[in-house]
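A short write-up of the structure that comes next.
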Amino acid sequence: MDADGARPEPYAEPRLRTLIALADLLESAGRVQDGLRYALTGHLECTARRPGTGFHSLLALDVLTRCAYWSGCPDWAPDTDHGRPSADGVLPGPRASVDLHRALDLRDRGEPEHATALLGECARRVTPAAGFPLWEKINGHYALLLLRRGETAAARSLVERGLVVASVAQEPGFPLWLTTAEAAGAEAAGDPARLFALGEELAALPDTGRSHEKAAALGEIAAACARAGDRERAAGYCRTSAELFRRAQAYRHAERARERLTELLEMRD
């Protein structure tokens, strides 16, 4: 009981599970701001009721971090879980997902060194057993950050190993981020034909599910095409990226894609 003699509200596990599941489902369906509302409610309930396990707190923080990042307000997801006894040993996936999206935010805010360090640590810690889609996403983004630093050999090794794992494991899902990193690596290696072929393959993917992920991948392809000198192709990918972000409610990301499109069109004139 509290100081007033009132019995504290019980920890409503079924409701919290529902909030987390709804937020996850909406983010997976490309409705990131709708998901954010449920994710934030779930996280606040975890904080207010302080459940005795880190299990639900970690799940709630994961989906909140994802939805907040894609909604363009990453500060809504607090960086306060470090040092807390958690479910890391049992659930490496949620914590790795949190670190991934924190790294993406660091990259977007102009802190690539911090982003690379965080994602590198995450990549070393997480195996495909945590879930292949998350594992390939982490390794693909890490490879892209390595390419930005000019570490092409390390990035190529990471991508090649990841694609072998995907082939051996016969994963049904398309390795979106490993393929994106492979395309960017082709541009760095002076192979525009390979870059353009992979870009067309990515662009042909269905616009369903996590359309914000496809939008972000096409943004990376657009940047690589621009570096390769094909601004027309880059502008087309930027235009598609902006529209997909808009559909996914990722409006701030859409605005940045439109800004890049404007820059490309001005350079072309």
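Computed from a prediction, not measured in an experiment: that's the story for all the values here.
From His141, atom NE2 reaches atom CG of Leu178 across 10.0 Å, with rounding to the nearest 0.5 Å. To the nearest 0.5 Å, atom CG of residue Leu100 and atom CZ of residue Arg95 are 12.5 Å apart. Taking CG of Leu205 as the start and CG of Leu176 as the end, the distance is 6.5 Å to the nearest 0.5 Å. Going from atom OG1 of Thr18 over to atom CG of Leu25 covers 12.0 Å, rounded to the nearest 0.5 Å. Separation of atoms CZ (Arg107) and CG (Leu119) is listed at 9.5 Å; rounding is to 0.5 Å. If you take CG on Leu16 and OG1 on Thr41, they are separated by 10.5 Å, rounding to the nearest 0.5 Å.
At a threshold of 4.0 Å, the pair Asp191-Arg194 does not count as salt-bridged, since none of the basic side-chain nitrogens sits closer than that to a carboxylate oxygen. Under a 4.0 Å N-O distance rule, the pair Arg239/Glu243 does not qualify as a salt bridge. One finds a salt bridge joining Arg258 and Glu255 here, because a Lys/Arg side-chain nitrogen approaches an Asp/Glu carboxylate oxygen to under 4.0 Å. A salt bridge links Arg233 with Glu200: the distance from a Lys NZ or Arg NE/NH1/NH2 to an Asp or Glu carboxylate oxygen falls below 4.0 Å.
Of the candidates Asp105, Asp24, Asp99, Asp24 is the only one forming a salt bridge (Lys or Arg N to Asp or Glu O under 4.0 Å) with Arg66.
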Between Asp108 and His253, is a side-chain contact (heavy atoms from CB on, under 4.5 Å) present by the stated rule, with each step listed? CA-CA 10 Å; Asp108 294 350; His253 292 275; 4.1 Å; yes
Given side-chain contact (heavy atoms from CB on, under 4.5 Å), test Arg210 with Trp70 step by step and report yes or no. CA-CA 11 Å; Arg210 287 188 166 95; Trp70 291 114; over 6 Å; no
Output, in order, the C-alpha distance, side-chain angles, deciding distance and verdict of side-chain contact (heavy atoms from CB on, under 4.5 Å) for Arg15 and Leu19. CA-CA 6 Å; Arg15 170 179 162 78; Leu19 289 169; 4.1 Å; yes
Please step through side-chain contact (heavy atoms from CB on, under 4.5 Å) for the pair Leu147 and Thr152, ending with a clear verdict. CA-CA 5 Å; Leu147 285 169; Thr152 54; 3.9 Å; yes
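In this structure, Asp230 and Pro192 have side chains that are not in contact, with every pair of non-hydrogen atoms separated by 4.5 Å or more. Side chains of Leu61 and Pro94 form no contact here, defined as non-hydrogen atoms less than 4.5 Å apart.
Between the side chain of Ser167 and the backbone N or O of Leu163 there is no donor-acceptor pair closer than 3.5 Å. Judged by distance alone, with hydrogens and angles left aside, the side-chain atoms of Ser157 form no donor-acceptor pair with the main-chain N or O of Ala153 at under 3.5 Å. Panel note: side chain Ser71, backbone Cys73; no donor-acceptor pair is recorded below 3.5 Å. Here the side chain of Ser241 pairs no donor or acceptor atom with the backbone of Tyr237 at under 3.5 angstrom.
Judged purely by distance below 3.5 Å, without hydrogens or angles, the side chains of Gln249 and His212 never pair a donor atom with an acceptor atom. Residues Glu213 and Trp177 bring a donor and an acceptor atom of their side chains to less than 3.5 Å of each other.
Trp135 and Leu145 fall within the same hydrophobic cluster, where Ile, Leu, Val, Met, Phe, Trp and Tyr residues are linked whenever their side-chain heavy atoms come under 4.5 Å apart, directly or through other members. When hydrophobic clusters are built by joining Ile, Leu, Val, Met, Phe, Trp and Tyr residues whose side-chain heavy atoms come closer than 4.5 Å, directly or via intermediates, Leu106 is not grouped with Leu146. Placement of Leu218 and Tyr69 in two distinct hydrophobic clusters is found when ILVMFWY residues are connected by side-chain heavy-atom separations under 4.5 Å, directly or transitively. Linking ILVMFWY side-chain heavy atoms closer than 4.5 Å, directly or via other members, places Leu144 and Leu158 in two distinct hydrophobic clusters. Side-chain heavy atoms closer than 4.5 Å link hydrophobic residues (I, L, V, M, F, W, Y) into clusters, and following such links, even through other members, never connects Val126 to Leu59.
Closest approach of Asp62 and Val98 over heavy atoms only: CA-CG2, 3.5 Å. Closest non-hydrogen pair, Gly93 versus Leu134, comes out as O-CD2, 3.2 Å. Pairing each heavy atom of Ala123 with each of Tyr142, the nearest pair is CB-CD2, 3.9 Å. Taking both residues in full, the closest heavy atoms of Trp76 and Leu64 are given as O-CD2, 3.8 Å, listed atom of the first, atom of the second, then distance. Contact between Pro78 and His43 at its shortest, heavy atoms only, is CG-NE2, 3.4 Å. Minimum heavy-atom separation, Gly30 to Ser211: CA-OG, 4.4 Å.
Counting heavy-atom neighbours within 6.0 Å of Arg252 CZ, excluding the residue itself, gives a total of 12 or less.
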